[in-house]
There are 2 protein chains.
Amino acid sequence: MARTSGSHSEITGPRLRAAAQALFARHGYAAVSMRRIAAEVGVQAGALYNYIPDKQGLLFELMKSHLDELLAAWEALPKGTGARDALEAFTRFHVRFHLDRPDAVFIAYMELRNLEPANFRAIEALRRRYETVLEDILRQGAAEGAFDVADSKHAAFAVIAMLTGVTTWYRDEGRLSRAEVEDLYWSMVRKAVSA
Amino acid sequence: MARTSGSHSEITGPRLRAAAQALFARHGYAAVSMRRIAAEVGVQAGALYNYIPDKQGLLFELMKSHLDELLAAWEALPKGTGARDALEAFTRFHVRFHLDRPDAVFIAYMELRNLEPANFRAIEALRRRYETVLEDILRQGAAEGAFDVADSKHAAFAVIAMLTGVTTWYRDEGRLSRAEVEDLYWSMVRKAVSA
DNA sequence: GTCTATATAACGATAGAC
DNA sequence: GTCTATCGTTATATAGAC
(Lines give C-alpha, C1' and ligand atoms only; values in the text may rest on other atoms or scores of the structure.)
Protein backbone atom coordinates (compact mmCIF):
# COMPACT_ATOMS: atom_id res chain seq x y z
CA MET A 1 0.00 0.00 0.00
CA ALA A 2 1.39 3.40 -0.93
CA ARG A 3 1.85 5.87 1.91
CA THR A 4 1.98 9.63 2.04
CA SER A 5 5.23 11.30 2.95
CA GLY A 6 6.40 12.11 6.47
CA SER A 7 8.49 10.70 9.29
CA HIS A 8 8.16 7.01 10.05
CA SER A 9 11.53 5.94 11.38
CA GLU A 10 10.05 3.57 13.91
CA ILE A 11 8.15 1.50 11.37
CA THR A 12 9.97 1.82 8.06
CA GLY A 13 13.07 -0.01 9.30
CA PRO A 14 11.25 -3.20 10.32
CA ARG A 15 9.03 -3.03 7.27
CA LEU A 16 12.11 -2.75 5.07
CA ARG A 17 13.68 -5.85 6.58
CA ALA A 18 10.42 -7.80 6.39
CA ALA A 19 9.82 -6.86 2.76
CA ALA A 20 13.40 -7.61 1.76
CA GLN A 21 13.33 -10.99 3.49
CA ALA A 22 10.13 -12.04 1.77
CA LEU A 23 11.25 -10.83 -1.66
CA PHE A 24 14.80 -12.22 -1.42
CA ALA A 25 13.41 -15.60 -0.38
CA ARG A 26 10.93 -15.71 -3.24
CA HIS A 27 12.95 -14.28 -6.11
CA GLY A 28 16.56 -14.20 -4.95
CA TYR A 29 18.78 -11.33 -3.86
CA ALA A 30 20.16 -10.52 -7.30
CA ALA A 31 16.74 -10.58 -8.92
CA VAL A 32 15.10 -8.12 -6.51
CA SER A 33 15.66 -4.40 -7.02
CA MET A 34 15.70 -1.72 -4.37
CA ARG A 35 12.79 -0.12 -6.18
CA ARG A 36 10.77 -3.31 -5.78
CA ILE A 37 11.50 -3.44 -2.06
CA ALA A 38 10.63 0.23 -1.69
CA ALA A 39 7.31 -0.30 -3.44
CA GLU A 40 6.49 -3.09 -1.01
CA VAL A 41 7.38 -0.88 1.95
CA GLY A 42 5.44 2.02 0.53
CA VAL A 43 8.26 4.55 0.06
CA GLN A 44 10.55 5.67 -2.73
CA ALA A 45 13.81 3.80 -3.23
CA GLY A 46 16.00 6.64 -2.00
CA ALA A 47 14.33 6.61 1.42
CA LEU A 48 15.61 3.09 2.12
CA TYR A 49 19.16 4.40 2.38
CA ASN A 50 18.28 6.08 5.67
CA TYR A 51 18.21 2.56 7.15
CA ILE A 52 20.87 0.60 5.31
CA PRO A 53 24.32 1.43 3.97
CA ASP A 54 23.63 -0.38 0.69
CA LYS A 55 21.91 -3.47 -0.72
CA GLN A 56 24.74 -5.76 0.33
CA GLY A 57 24.53 -4.48 3.90
CA LEU A 58 20.84 -5.30 3.91
CA LEU A 59 21.48 -8.89 2.86
CA PHE A 60 24.26 -9.30 5.41
CA GLU A 61 22.11 -7.96 8.23
CA LEU A 62 19.28 -10.35 7.38
CA MET A 63 21.58 -13.36 7.34
CA LYS A 64 23.52 -12.39 10.44
CA SER A 65 20.46 -11.68 12.56
CA HIS A 66 18.97 -15.02 11.52
CA LEU A 67 22.05 -16.99 12.56
CA ASP A 68 22.50 -14.97 15.76
CA GLU A 69 18.92 -15.76 16.65
CA LEU A 70 19.42 -19.44 15.81
CA LEU A 71 22.44 -19.76 18.10
CA ALA A 72 20.82 -17.74 20.89
CA ALA A 73 17.67 -19.85 20.75
CA TRP A 74 19.68 -23.05 21.05
CA GLU A 75 21.72 -21.70 23.95
CA ALA A 76 18.53 -20.67 25.75
CA LEU A 77 17.02 -24.14 25.45
CA PRO A 78 16.94 -26.16 28.70
CA LYS A 79 18.89 -29.34 28.11
CA GLY A 80 19.58 -32.63 29.83
CA THR A 81 22.95 -34.30 30.09
CA GLY A 82 22.94 -37.46 27.96
CA ALA A 83 23.93 -37.48 24.32
CA ARG A 84 20.73 -39.20 23.25
CA ASP A 85 18.54 -36.57 24.90
CA ALA A 86 20.70 -33.82 23.47
CA LEU A 87 20.34 -35.26 19.98
CA GLU A 88 16.58 -35.46 20.31
CA ALA A 89 16.48 -31.90 21.62
CA PHE A 90 18.64 -30.70 18.75
CA THR A 91 16.57 -32.52 16.14
CA ARG A 92 13.24 -31.18 17.37
CA PHE A 93 14.68 -27.70 17.91
CA HIS A 94 16.14 -27.57 14.41
CA VAL A 95 12.93 -28.70 12.70
CA ARG A 96 10.77 -26.34 14.74
CA PHE A 97 13.03 -23.34 14.38
CA HIS A 98 13.41 -23.78 10.63
CA LEU A 99 9.70 -24.39 10.00
CA ASP A 100 8.96 -21.13 11.81
CA ARG A 101 11.30 -19.10 9.56
CA PRO A 102 11.21 -20.52 6.05
CA ASP A 103 12.18 -17.26 4.38
CA ALA A 104 15.17 -16.57 6.62
CA VAL A 105 16.35 -20.17 6.24
CA PHE A 106 16.07 -20.03 2.49
CA ILE A 107 18.13 -16.85 2.33
CA ALA A 108 20.77 -18.13 4.73
CA TYR A 109 21.35 -21.20 2.55
CA MET A 110 20.88 -19.76 -0.92
CA GLU A 111 22.45 -16.33 -0.85
CA LEU A 112 25.88 -17.18 0.50
CA ARG A 113 27.39 -16.69 -2.93
CA ASN A 114 26.05 -13.13 -3.09
CA LEU A 115 27.95 -12.08 0.02
CA GLU A 116 31.11 -10.06 -0.36
CA PRO A 117 34.19 -11.92 0.94
CA ALA A 118 34.36 -10.33 4.40
CA ASN A 119 30.63 -10.80 4.94
CA PHE A 120 30.84 -14.37 3.70
CA ARG A 121 33.53 -15.21 6.23
CA ALA A 122 31.46 -13.77 9.08
CA ILE A 123 28.36 -15.75 8.12
CA GLU A 124 30.32 -18.94 7.55
CA ALA A 125 31.82 -18.65 11.04
CA LEU A 126 28.34 -18.49 12.57
CA ARG A 127 27.14 -21.41 10.51
CA ARG A 128 30.19 -23.40 11.54
CA ARG A 129 29.47 -22.72 15.21
CA TYR A 130 26.01 -24.18 14.78
CA GLU A 131 27.29 -27.27 12.97
CA THR A 132 29.77 -27.79 15.79
CA VAL A 133 26.91 -28.01 18.29
CA LEU A 134 25.63 -31.15 16.59
CA GLU A 135 29.12 -32.44 15.90
CA ASP A 136 29.92 -32.31 19.62
CA ILE A 137 26.71 -34.14 20.52
CA LEU A 138 27.52 -36.92 18.07
CA ARG A 139 31.11 -37.19 19.25
CA GLN A 140 30.04 -37.42 22.88
CA GLY A 141 27.44 -40.05 22.06
CA ALA A 142 29.98 -42.09 20.11
CA ALA A 143 32.44 -41.91 23.00
CA GLU A 144 29.74 -43.12 25.39
CA GLY A 145 28.87 -45.96 23.06
CA ALA A 146 25.32 -44.64 22.59
CA PHE A 147 25.90 -43.85 18.91
CA ASP A 148 27.73 -45.57 16.10
CA VAL A 149 29.17 -42.62 14.23
CA ALA A 150 32.62 -43.03 12.70
CA ASP A 151 32.94 -39.44 11.47
CA SER A 152 31.17 -36.91 13.71
CA LYS A 153 31.80 -33.94 11.46
CA HIS A 154 30.43 -35.41 8.27
CA ALA A 155 27.62 -37.18 10.09
CA ALA A 156 26.63 -33.77 11.47
CA PHE A 157 26.61 -32.34 7.94
CA ALA A 158 24.41 -35.20 6.77
CA VAL A 159 21.93 -34.86 9.63
CA ILE A 160 21.65 -31.07 9.27
CA ALA A 161 21.10 -31.39 5.51
CA MET A 162 18.36 -33.95 6.10
CA LEU A 163 16.63 -31.82 8.73
CA THR A 164 16.87 -28.54 6.85
CA GLY A 165 15.27 -30.21 3.85
CA VAL A 166 11.98 -30.14 5.70
CA THR A 167 11.49 -26.53 4.61
CA THR A 168 11.30 -27.58 0.96
CA TRP A 169 8.12 -29.59 1.34
CA TYR A 170 6.33 -28.78 4.62
CA ARG A 171 3.17 -26.72 4.33
CA ASP A 172 0.91 -25.71 7.21
CA GLU A 173 -2.12 -26.79 5.19
CA GLY A 174 -0.59 -30.20 4.53
CA ARG A 175 -1.41 -33.64 5.87
CA LEU A 176 1.14 -33.73 8.70
CA SER A 177 1.20 -31.64 11.85
CA ARG A 178 4.45 -30.10 13.05
CA ALA A 179 4.59 -32.61 15.88
CA GLU A 180 4.27 -35.47 13.40
CA VAL A 181 7.03 -33.98 11.28
CA GLU A 182 9.29 -33.70 14.32
CA ASP A 183 8.58 -37.34 15.17
CA LEU A 184 9.27 -38.45 11.62
CA TYR A 185 12.67 -36.78 11.52
CA TRP A 186 13.59 -37.81 15.03
CA SER A 187 12.83 -41.43 14.17
CA MET A 188 15.18 -41.29 11.20
CA VAL A 189 17.96 -39.38 12.94
CA ARG A 190 17.84 -41.64 15.98
CA LYS A 191 18.22 -44.75 13.90
CA ALA A 192 20.76 -43.26 11.50
CA VAL A 193 23.32 -42.70 14.28
CA SER A 194 22.36 -45.67 16.44
CA ALA A 195 24.82 -48.35 17.47
CA MET B 1 40.90 -16.59 -24.13
CA ALA B 2 39.68 -14.14 -26.77
CA ARG B 3 39.18 -15.56 -30.22
CA THR B 4 39.24 -14.02 -33.64
CA SER B 5 36.02 -13.89 -35.62
CA GLY B 6 34.75 -16.62 -37.93
CA SER B 7 32.49 -19.68 -37.98
CA HIS B 8 32.64 -21.99 -34.99
CA SER B 9 29.19 -23.48 -34.68
CA GLU B 10 30.47 -26.86 -33.62
CA ILE B 11 32.38 -25.56 -30.59
CA THR B 12 30.68 -22.35 -29.50
CA GLY B 13 27.46 -24.10 -28.47
CA PRO B 14 29.11 -26.51 -26.01
CA ARG B 15 31.42 -23.78 -24.75
CA LEU B 16 28.43 -21.55 -24.13
CA ARG B 17 26.67 -24.19 -22.04
CA ALA B 18 29.84 -25.01 -20.12
CA ALA B 19 30.58 -21.37 -19.35
CA ALA B 20 26.99 -20.62 -18.35
CA GLN B 21 26.86 -23.66 -16.08
CA ALA B 22 30.06 -22.71 -14.27
CA LEU B 23 29.09 -19.05 -13.90
CA PHE B 24 25.47 -19.72 -12.87
CA ALA B 25 26.69 -22.19 -10.24
CA ARG B 26 29.24 -19.78 -8.81
CA HIS B 27 27.36 -16.49 -8.90
CA GLY B 28 23.73 -17.32 -9.58
CA TYR B 29 21.61 -16.95 -12.71
CA ALA B 30 20.36 -13.45 -11.97
CA ALA B 31 23.83 -12.16 -11.11
CA VAL B 32 25.48 -13.33 -14.34
CA SER B 33 25.13 -11.21 -17.47
CA MET B 34 25.11 -12.42 -21.04
CA ARG B 35 28.16 -10.22 -21.60
CA ARG B 36 30.02 -12.06 -18.85
CA ILE B 37 29.19 -15.44 -20.37
CA ALA B 38 30.22 -14.22 -23.81
CA ALA B 39 33.57 -13.02 -22.46
CA GLU B 40 34.18 -16.47 -20.98
CA VAL B 41 33.32 -18.13 -24.30
CA GLY B 42 35.43 -15.67 -26.23
CA VAL B 43 32.74 -14.06 -28.39
CA GLN B 44 30.59 -10.94 -28.26
CA ALA B 45 27.27 -11.13 -26.46
CA GLY B 46 25.16 -10.93 -29.60
CA ALA B 47 26.74 -14.09 -31.01
CA LEU B 48 25.27 -16.18 -28.19
CA TYR B 49 21.78 -15.70 -29.58
CA ASN B 50 22.65 -17.97 -32.49
CA TYR B 51 22.51 -20.82 -29.99
CA ILE B 52 19.82 -19.90 -27.50
CA PRO B 53 16.46 -18.17 -27.75
CA ASP B 54 17.15 -16.05 -24.67
CA LYS B 55 18.76 -16.19 -21.24
CA GLN B 56 15.79 -18.02 -19.72
CA GLY B 57 15.98 -20.67 -22.42
CA LEU B 58 19.62 -21.21 -21.59
CA LEU B 59 18.84 -21.81 -17.92
CA PHE B 60 15.98 -24.15 -18.76
CA GLU B 61 18.11 -26.20 -21.13
CA LEU B 62 20.85 -26.61 -18.53
CA MET B 63 18.40 -27.80 -15.88
CA LYS B 64 16.42 -30.05 -18.18
CA SER B 65 19.46 -31.79 -19.65
CA HIS B 66 20.83 -32.38 -16.16
CA LEU B 67 17.63 -34.03 -14.94
CA ASP B 68 17.19 -36.00 -18.17
CA GLU B 69 20.70 -37.32 -17.75
CA LEU B 70 20.05 -38.16 -14.09
CA LEU B 71 16.96 -40.21 -14.90
CA ALA B 72 18.58 -41.91 -17.89
CA ALA B 73 21.64 -42.86 -15.85
CA TRP B 74 19.47 -44.43 -13.16
CA GLU B 75 17.41 -46.34 -15.72
CA ALA B 76 20.58 -47.66 -17.34
CA LEU B 77 21.94 -48.98 -14.05
CA PRO B 78 21.83 -52.79 -13.66
CA LYS B 79 19.73 -53.57 -10.60
CA GLY B 80 18.86 -56.52 -8.42
CA THR B 81 15.40 -57.31 -7.13
CA GLY B 82 15.34 -56.80 -3.36
CA ALA B 83 14.47 -53.48 -1.76
CA ARG B 84 17.61 -53.43 0.35
CA ASP B 85 19.87 -53.87 -2.67
CA ALA B 86 17.87 -51.28 -4.58
CA LEU B 87 18.28 -48.80 -1.73
CA GLU B 88 22.01 -49.34 -1.59
CA ALA B 89 22.25 -48.97 -5.37
CA PHE B 90 20.22 -45.76 -5.25
CA THR B 91 22.29 -44.30 -2.42
CA ARG B 92 25.63 -44.99 -4.06
CA PHE B 93 24.34 -43.89 -7.46
CA HIS B 94 23.00 -40.61 -6.09
CA VAL B 95 26.20 -39.72 -4.23
CA ARG B 96 28.40 -40.63 -7.17
CA PHE B 97 26.30 -38.86 -9.78
CA HIS B 98 26.01 -35.69 -7.75
CA LEU B 99 29.69 -35.56 -6.81
CA ASP B 100 30.54 -35.78 -10.52
CA ARG B 101 28.36 -32.77 -11.41
CA PRO B 102 28.47 -30.23 -8.57
CA ASP B 103 27.70 -27.25 -10.81
CA ALA B 104 24.69 -28.83 -12.49
CA VAL B 105 23.35 -30.03 -9.14
CA PHE B 106 23.74 -26.60 -7.60
CA ILE B 107 21.84 -24.97 -10.44
CA ALA B 108 19.07 -27.57 -10.43
CA TYR B 109 18.41 -26.92 -6.74
CA MET B 110 19.05 -23.18 -6.49
CA GLU B 111 17.63 -21.67 -9.65
CA LEU B 112 14.12 -23.12 -9.57
CA ARG B 113 12.74 -19.75 -8.57
CA ASN B 114 14.24 -18.11 -11.64
CA LEU B 115 12.30 -20.36 -14.00
CA GLU B 116 9.25 -18.99 -15.74
CA PRO B 117 6.06 -20.84 -14.73
CA ALA B 118 5.86 -23.24 -17.69
CA ASN B 119 9.55 -24.11 -17.40
CA PHE B 120 9.22 -24.54 -13.65
CA ARG B 121 6.43 -27.06 -14.09
CA ALA B 122 8.49 -29.07 -16.58
CA ILE B 123 11.51 -29.21 -14.28
CA GLU B 124 9.41 -30.02 -11.24
CA ALA B 125 7.85 -32.94 -13.06
CA LEU B 126 11.27 -34.42 -13.79
CA ARG B 127 12.41 -33.91 -10.23
CA ARG B 128 9.23 -35.56 -8.98
CA ARG B 129 9.89 -38.60 -11.18
CA TYR B 130 13.28 -39.01 -9.57
CA GLU B 131 11.91 -38.67 -6.05
CA THR B 132 9.35 -41.31 -6.89
CA VAL B 133 12.11 -43.79 -7.70
CA LEU B 134 13.30 -43.70 -4.10
CA GLU B 135 9.77 -43.48 -2.74
CA ASP B 136 8.86 -46.73 -4.52
CA ILE B 137 11.94 -48.48 -3.17
CA LEU B 138 11.08 -47.45 0.38
CA ARG B 139 7.46 -48.48 0.00
CA GLN B 140 8.40 -51.88 -1.37
CA GLY B 141 10.89 -52.41 1.45
CA ALA B 142 8.33 -51.43 4.05
CA ALA B 143 5.79 -53.85 2.56
CA GLU B 144 8.36 -56.64 2.66
CA GLY B 145 9.18 -55.82 6.27
CA ALA B 146 12.78 -54.99 5.39
CA PHE B 147 12.35 -51.32 6.28
CA ASP B 148 10.52 -49.45 9.01
CA VAL B 149 9.26 -46.40 7.14
CA ALA B 150 5.85 -45.05 8.08
CA ASP B 151 5.75 -42.36 5.38
CA SER B 152 7.55 -43.37 2.18
CA LYS B 153 7.14 -40.03 0.48
CA HIS B 154 8.54 -37.86 3.23
CA ALA B 155 11.21 -40.40 4.11
CA ALA B 156 12.31 -40.19 0.47
CA PHE B 157 12.51 -36.40 0.72
CA ALA B 158 14.60 -36.70 3.87
CA VAL B 159 17.02 -39.23 2.38
CA ILE B 160 17.48 -37.26 -0.84
CA ALA B 161 18.12 -34.05 1.10
CA MET B 162 20.72 -35.82 3.21
CA LEU B 163 22.47 -37.34 0.21
CA THR B 164 22.43 -34.22 -1.92
CA GLY B 165 24.05 -32.31 0.95
CA VAL B 166 27.29 -34.11 0.16
CA THR B 167 27.97 -31.57 -2.58
CA THR B 168 28.20 -28.75 -0.04
CA TRP B 169 31.28 -30.12 1.70
CA TYR B 170 33.01 -32.80 -0.41
CA ARG B 171 36.28 -31.78 -2.05
CA ASP B 172 38.49 -34.03 -4.15
CA GLU B 173 41.52 -32.84 -2.21
CA GLY B 174 39.83 -33.67 1.11
CA ARG B 175 40.48 -36.42 3.64
CA LEU B 176 37.84 -38.88 2.39
CA SER B 177 37.78 -40.79 -0.86
CA ARG B 178 34.59 -41.05 -2.86
CA ALA B 179 34.25 -44.69 -1.86
CA GLU B 180 34.50 -43.72 1.81
CA VAL B 181 31.88 -41.02 1.31
CA GLU B 182 29.56 -43.54 -0.33
CA ASP B 183 30.07 -45.91 2.58
CA LEU B 184 29.43 -43.18 5.12
CA TYR B 185 26.11 -42.21 3.56
CA TRP B 186 25.04 -45.77 2.92
CA SER B 187 25.64 -46.60 6.57
CA MET B 188 23.40 -43.75 7.68
CA VAL B 189 20.67 -44.37 5.11
CA ARG B 190 20.59 -48.09 5.80
CA LYS B 191 20.11 -47.56 9.52
CA ALA B 192 17.71 -44.62 9.15
CA VAL B 193 15.13 -46.77 7.35
CA SER B 194 15.87 -50.04 9.12
CA ALA B 195 13.25 -52.02 11.00
C1' DG C 1 12.46 11.04 6.95
C1' DT C 2 10.79 11.15 2.46
C1' DC C 3 10.35 13.27 -1.76
C1' DT C 4 11.75 14.25 -6.82
C1' DA C 5 15.31 14.20 -9.91
C1' DT C 6 19.36 12.48 -11.62
C1' DA C 7 24.29 10.68 -12.23
C1' DT C 8 26.39 6.72 -13.95
C1' DA C 9 26.51 2.18 -15.31
C1' DA C 10 24.85 -2.13 -16.87
C1' DC C 11 21.24 -5.00 -18.55
C1' DG C 12 18.84 -8.26 -22.45
C1' DA C 13 18.16 -8.40 -26.96
C1' DT C 14 18.23 -6.96 -31.96
C1' DA C 15 19.88 -5.02 -36.73
C1' DG C 16 22.76 -5.00 -40.38
C1' DA C 17 27.62 -5.42 -42.21
C1' DC C 18 30.97 -8.79 -43.39
C1' DG D 1 28.65 -17.24 -37.32
C1' DT D 2 30.45 -13.24 -35.41
C1' DC D 3 31.15 -8.56 -35.48
C1' DT D 4 30.00 -3.51 -34.14
C1' DA D 5 26.61 -0.53 -32.79
C1' DT D 6 22.63 0.51 -30.52
C1' DC D 7 17.69 0.53 -28.74
C1' DG D 8 15.04 0.74 -24.74
C1' DT D 9 15.03 -0.41 -20.08
C1' DT D 10 16.58 -0.93 -15.57
C1' DA D 11 19.90 -0.87 -11.90
C1' DT D 12 22.29 1.22 -7.41
C1' DA D 13 23.11 5.11 -5.17
C1' DT D 14 23.23 10.17 -4.27
C1' DA D 15 21.82 15.42 -4.02
C1' DG D 16 19.04 18.82 -2.58
C1' DA D 17 14.19 20.50 -1.61
C1' DC D 18 10.68 20.24 1.86
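Chain letters run A, B, ... following the sequence lines, proteins first and then strands; every chain starts at 1.
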If the condition is side-chain contact (heavy atoms from CB on, under 4.5 Å), which residues does B/R175 pass it with, not counting sequence neighbours?
A/D151, A/H154
Just how far, in rounded Å, is [atom2] of [N] from [atom1] of [X]?
X     : N      : atom1 : atom2 : answer
A/R15 : C/dT2  : CZ    : C1'   : 14 Å
B/M34 : D/dT2  : CE    : C1'   : 14 Å
B/L58 : C/dA13 : CG    : P     : 10 Å
A/N50 : D/dA15 : CG    : P     : 13 Å
A/D54 : D/dA11 : CG    : P     : 17 Å
B/Y49 : D/dC3  : OH    : C1'   : 16 Å
B/Q56 : C/dG12 : CD    : C1'   : 13 Å
A/K55 : D/dA13 : NZ    : P     : 8 Å

Distance below 4.0 Å between A/T12 side-chain N/O and C/dT2 OP1 or OP2:
yes
May I ask you to verify if any side-chain N or O of A/Y51 is less than 4.0 angstrom from the OP1 or OP2 atom of C/dT2?
yes
Quick one: what's the B/S/- string for nucleotides 4-10 of chain D, heavy-atom cutoff under 4.0 Å, read 5' to 3'?
B-B----
With B/R139 as the cation and B/F147 as the aromatic partner, state whether NZ or CZ is under 6.0 Å from the six-membered ring centre and within 45° of the axis.
no
Would you call [X]-[Y] a salt bridge at under 4.0 Å N-O?
X      : Y      : answer
A/E40  : A/R36  : yes
A/R113 : B/E111 : yes
B/E135 : B/K153 : no
B/R178 : B/D100 : yes

Given DNA chain D, 5'-ward residue of the pair A/R36 and A/P53, judged by closest heavy atom
A/R36
Using atom types as modelled, flag every donor-acceptor pair under 3.5 Å from a side chain in residues 67-87 of chain B to any protein atom, sequence neighbours excluded.
residue	atom	partner	partner atom	Å
B/D68	OD1	B/K64	NZ	3.3
B/D68	OD2	B/K64	NZ	2.7
B/E69	OE2	B/R101	NE	3.4
B/E69	OE2	B/R101	NH2	3.0
B/K79	NZ	B/W74	O	2.7
B/K79	NZ	B/L77	O	2.9
B/R84	NH1	B/E88	OE1	3.1

